[in-house]
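Working notes, beginning with the structure itself.
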There are 2 protein chains.
Amino acid sequence: MPYTKICINLNPFSFDFNLLKPHIALLSEWGFYFMAKKRVSIKDIAKALGVSITTVSFIINGKAREQRISDEVTQKVKKYIKEVGYKPSHIAQSLRLGKSKIIVFMAEDISNQFFASIARFIEERAYKSGYKIIYCSTDNNFEKAKELISTFKRRNVDGFIITPTPNIEESIHDLIEEEFPVVLFDRWLPEVNCSYVIVENKESAYEATQHLIEEGCKNLAFVTVESDQTQMMDRSSGFTEAVKESDVNAFEFRLKFHNLSEVGPYEELLDFFKSKKEIDGVFFATNYLAFEGLQALDTLQRSIPHDVKVVSFDDHYFFNLYKPKITAIEQPLELLSEKLMETMLSHLDELNLGYSPVRLVLPNKLNKRESTEN
Amino acid sequence: MPYTKICINLNPFSFDFNLLKPHIALLSEWGFYFMAKKRVSIKDIAKALGVSITTVSFIINGKAREQRISDEVTQKVKKYIKEVGYKPSHIAQSLRLGKSKIIVFMAEDISNQFFASIARFIEERAYKSGYKIIYCSTDNNFEKAKELISTFKRRNVDGFIITPTPNIEESIHDLIEEEFPVVLFDRWLPEVNCSYVIVENKESAYEATQHLIEEGCKNLAFVTVESDQTQMMDRSSGFTEAVKESDVNAFEFRLKFHNLSEVGPYEELLDFFKSKKEIDGVFFATNYLAFEGLQALDTLQRSIPHDVKVVSFDDHYFFNLYKPKITAIEQPLELLSEKLMETMLSHLDELNLGYSPVRLVLPNKLNKRESTEN
DNA sequence: TTGAAAGCGCTACCAC
DNA sequence: GTGGTAGCGCTTTCAA
């Protein structure tokens with residue numbers, strides 16, 4: 001380990017922050033609040049104001065009118081609440097109501113740009129609706145996912161947004177059976193009757209392959225990972241279909257699944273391209289593979305797009321920066337996230353009406369760039 | 001909006017998942033569990049087994065020995081718990097114990113690679129210690145951060161890991177006053193006595209600038225954003241110091257802060273480089289600026305490293321992929337995350353011992369690549 | 001060795 | 001109009 005901590009526990013700090021807020025010193029309640037270790041509860045409020053807990057609770061929850069509580073009391077309570085900065089405890093509310101206003105977002109790997117971006121949109125949307133997001137990474141590992149689902153159940157999370165791992169069918173099925181709202185994304189599970197939001201993998205793969213063919217490629221390679229998950233299968237069959245319809249040679253190169261944090265499959269790709277010198281068009285099934293593949297092609301001094309044309313699934317900021325700019329299929333991240341949350345929220349609303357799955361398939365966009373030009 | 005949903009609510013699904021698990025059908029308790037809408041509670045267990053709630057609780061919490069509960073009862077209870085798959089409710093535990101085992105990770109933008117990577121490491125480390133992570137993005141916006149802090153307090157989160165926004169001093173100070181463990185990262189607040197884990201911004205900026213000078217640059221530019229946050233100030237002063245010590249010209253170009261999701265500052269950089277044709281060495285204060293700047297330099301056909309040498313803060317996967325490979329300062333992400341959690345966990349442990357801030361400053365690594373070669 | 005019961009903070013039913 | 005109170009699921013003290 002090349003790094004070491006170099007500095008701990010510096011001298012105690014002597015700046016008195018209170019100097020900065022003299023206006024607060026004027027408010028005795030605030031002063032008290034800052035000193036108190038204990039947070040003020042609804043009971044404290046009731047006692048301080050000489051009203052009942054019930055009354056306070058109704059006012060807090062906007063039911064003052066409905067319960068015909070006098071304006072006088074309502075105002076008094078509201079004013080006091082503001083003064084002491086009281087906020088109801090979500091924990092207690094959760095326990096009481098059986099809901100936590102928390103949605104869990106289980107991504108394959110939250111540090112991956114694709115998932116991180118979706119996480120960001122989801123989060124935004126969730127906050128607007130009063131929900132919080134808890135996230136985690138499954139590493140596409142079934143055991144880990146199962147474990148995570150179990151602990152989240154204990155937290156009364158209200159819903160699950162999941163990129164399903166292999167073999168997770170039973171866990172998902174159980175969740176639905178137990179009436180948890182579940183929405184899958186990125187891929188889905190043919191064997192489970194569950195909502196999902198995915199993209200047109202097959203159609204876009206078909207379109208991208210066609211594009212390569214139209215640009216004159218005669219020897220195509222489809223580079224993918226060893227996986228029987230729907231999104232990969234669909235991309236593969238889109239490629240295959242386009243190839244079948246025309247008069248070109250095709251190779252499918254499947255790398256065994258690499259954990260994203262491990263060293264990339266650069267070497268394998270290098271060998272592959274070295275052994276197939278005739279290849280003049282490559283379709284990468286994910287941007288991750290493309291990045292590694294581009295390096296390999298660069299090492300082999302295959303010029304893009306002259307010697308070989310390149311297209312990749314999952315557009316990325318960097319494809320636009322690369323020289324040449326790389327043609328890629330862009331997933332509608334924002335729309336996808338929005339639909340995910342929309343679906344989740346509708347399930348949350350209709351909890352007692354039973355579970356009627358929503359299945360959405362969104363179209364992508366092929367961004368044609370220099371890497372497939374003639 | 002170019003995208004529309006194309007397919008909703010497909011036909012109901014008819015696959016009977018139970019066919020897949022005949023082994024479960026044999027266990028009547030499981031069957032019951034799956035049917036039940038209500039989760040089994042400690043009370044149910046006590047009733048079913050004819051023992052008291054207390055006894056069950058002690059056994060669950062590994063205090064059977066301590067409380068001298070008979071082996072017979074202990075085994076019986078444990079067996080039953082396993083059978084019904086009982087897991088204590090975290091919500092109820094939180095309410096009772098005043099702790100939630102949740103740490104909140106407030107990043108500037110969780111979809112940014114830097115924060116997403118740290119999030120990933122943090123998460124891993126947290127799970128190992130029985131903590132969950134809740135995350136959010138502040139957008140470097142004080143109002144949003146304040147709002148978030150307030151809602152997280154209501155959730156009894158146990159600790160806060162925060163990239164401080166401008167003007168957040170008072171909120172952080174209040175958190176500490178209220179005895180919440182807080183650890184800052186990426187930058188710190190000189191006015192608040194708070195733990196933090198940051199990197200050697202000034203030292204590394206100095207080193208990078210020196211490197212440019214050593215490679216023969218005579219007209220340096222430091223490209224940064226308008227910000228008075230510590231990490232940016234430090235990077236700037238590292239640059240300035242190195243420049244002062246030698247006989248070179250220097251320009252500092254400050255862009256006004258762009259929200260990361262907005263359109264980049266490409267245009268501004270283009271104008272800058274156009275107006276300063278003499279520049280032969282550029283130091284970008286963040287990788288985000290570098291990406292935009294590289295495009296601008298490319299547009300202007302300034303050849304790297306021949307016409308202009310380039311170095312950037314925050315190493316990135318793509319710097320290694322770019323042609324030429326870009327020299328960059330690498331932050332020790334994994335170590336940083338580890339130290340963050342270590343600090344947080346130690347605060348969590350020593351909650352009642354008062355708050356003694358830990359300040360860590362970690363060294364970076366300058367990865368010299370083609371963009372600064374001669 | 002085991003159990004009764006208080007209480008964490010809140011909601012909402014029911015009574016006055 | 002307002003208040004009393006049960007109970008969400010759990011931990012832990014005290015009593016037996």
Side-chain angles (χ1 to χ4, degrees), chain A residues 36-78 81 84-102 151 153-158, chain B residues 36-78 81 84-102 151 153-158:
Chain A
K37 315 251 155 168
K38 207 175 125 298
R39 287 181 43 192
V40 21
S41 78
I42 201 170
K43 203 201 276 179
D44 301 327
I45 298 176
K47 204 188 294 171
L49 261 41
V51 296
S52 86
I53 291 178
T54 315
T55 308
V56 178
S57 174
F58 281 139
I59 293 171
I60 290 167
N61 295 304
K63 295 184 184 163
R65 265 272 136 62
E66 194 180 317
Q67 296 292 329
R68 284 168 301 185
I69 288 170
S70 67
D71 268 9
E72 187 202 352
V73 174
T74 306
Q75 289 316 315
K76 186 172 67 174
V77 171
K78 280 192 173 167
I81 284 177
V84 300
Y86 166 79
K87 306 270 180 179
S89 152
H90 276 162
I91 298 286
Q93 285 176 325
S94 292
L95 182 59
R96 178 63 232 231
L97 301 173
K99 320 218 146 297
S100 61
K101 289 283 183 181
I102 291 184
T151 58
K153 278 189 197 171
R154 301 171 59 179
R155 296 217 181 248
N156 280 20
V157 301
D158 291 345
Chain B
K37 313 250 155 166
K38 207 174 127 297
R39 287 181 44 193
V40 21
S41 79
I42 200 170
K43 201 200 276 179
D44 301 328
I45 298 176
K47 203 189 296 174
L49 261 41
V51 297
S52 86
I53 292 178
T54 315
T55 307
V56 178
S57 175
F58 281 143
I59 294 171
I60 290 167
N61 295 304
K63 295 185 183 164
R65 264 274 137 63
E66 196 179 316
Q67 295 291 330
R68 284 167 305 185
I69 288 168
S70 67
D71 267 10
E72 185 201 355
V73 174
T74 306
Q75 288 317 314
K76 186 172 67 175
V77 171
K78 279 191 173 166
I81 284 177
V84 299
Y86 166 78
K87 305 271 178 176
S89 152
H90 276 163
I91 298 285
Q93 285 176 326
S94 291
L95 182 59
R96 177 62 230 228
L97 300 175
K99 321 219 146 294
S100 62
K101 288 282 182 182
I102 290 185
T151 57
K153 277 190 198 171
R154 302 170 59 180
R155 298 221 180 245
N156 280 21
V157 301
D158 291 346

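All values reported here derive from a predicted model rather than from experimental measurement. All chains are named by letter (A, B, ...) in the order of the sequence lines, taking the proteins before the strands, and each is independently numbered beginning at 1.
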**Report entry** Separation of atom CZ in B:Arg96 from atom C1' in D:dT11, rounded to whole Å
**Finding:** 4 Å
Query raised in the report: A:Tyr86 versus A:Asp44: any side-chain heavy-atom pair under 4.5 Å?
Result: no
**Report entry** Whole-Å distance separating the CG atom of A:Leu97 from the C1' atom of D:dG9
**Finding:** 14 Å
Report summary line: Those residues at least two apart in sequence (or on a different chain) that pass side chain to side chain donor-acceptor pair (under 3.5 Å) with B:Thr151 are none
Report task. State, yes or no, whether a side-chain contact exists between A:His90 and A:Ser100 at a heavy-atom distance under 4.5 Å. Result -> no
Query raised in the report: Between B:Ile59 and B:Thr55, is any pair of side-chain heavy atoms under 4.5 Å apart?
Result: yes
Show me the donor-acceptor pairs, under 3.5 Å and distance only, between side chains in residues 62-76 of chain B and residues at least two apart or in other chains.
| residue | atom | partner | partner atom | Å |
| --- | --- | --- | --- | --- |
| B:Ser70 | OG | B:Val73 | N | 3.3 |
| B:Thr74 | OG1 | B:Ser70 | O | 2.8 |

Requested in this report: Kindly calculate the angle separating the two end axes of the helix from C:dT1-D:dA16 to C:dC16-D:dG1, each obtained from five base pairs, and round it to 10 degrees.
Outcome: 50°
**Report entry** N/O (side chain, B:Gln93) to phosphate O (OP1/OP2, D:dT11) under 4.0 Å
**Finding:** yes
Nucleotide N/O of nucleotides 2-4 of chain D paired with protein N/O under 3.5 Å:
| residue | atom | partner | partner atom | Å |
| --- | --- | --- | --- | --- |
| D:dT2 | OP1 | A:Ser70 | OG | 3.2 |
| D:dT2 | OP2 | A:Ser70 | N | 2.6 |
| D:dT2 | OP2 | A:Ser70 | OG | 3.4 |
| D:dG3 | OP2 | A:Ser52 | N | 2.9 |
| D:dG3 | OP2 | A:Ser52 | OG | 3.4 |
| D:dG3 | OP2 | A:Thr55 | OG1 | 2.7 |
| D:dG4 | N7 | A:Thr54 | OG1 | 3.0 |
| D:dG4 | O6 | A:Thr54 | OG1 | 2.7 |

Query - Contact summary for B:Asp158 and B:Lys99, nearest pair of heavy atoms - result: OD1-CA, 3.4 Å
Report task. Quickly work out the B:Leu95 CG to D:dC10 P distance and round it to whole Å. Result -> 12 Å
Requested in this report: Mind checking side chain to side chain donor-acceptor pair (under 3.5 Å) for A:Ser94 and listing every partner two or more places apart, or none if nothing turns up?
Outcome: none
**Report entry** Distance test, side-chain N/O of B:Lys43 to OP1/OP2 of D:dG7, below 4.0 Å
**Finding:** no
Query raised in the report: Once you round it to whole Å, what is the distance between P of C:dA4 and CD1 of B:Ile42?
Result: 14 Å
Report task. Quick one: label B:Ser57 by what it contacts on the DNA or RNA (base, sugar-phosphate, nothing), any heavy atom closer than 4.0 Å. Result -> base
Query raised in the report: Is any side-chain N or O of B:Lys63 closer than 4.0 Å to OP1 or OP2 of D:dT12?
Result: yes
**Report entry** side chain to side chain contact (heavy atoms under 4.5 Å, CB included) involving B:Lys47 - partner list, sequence neighbours excluded
**Finding:** none
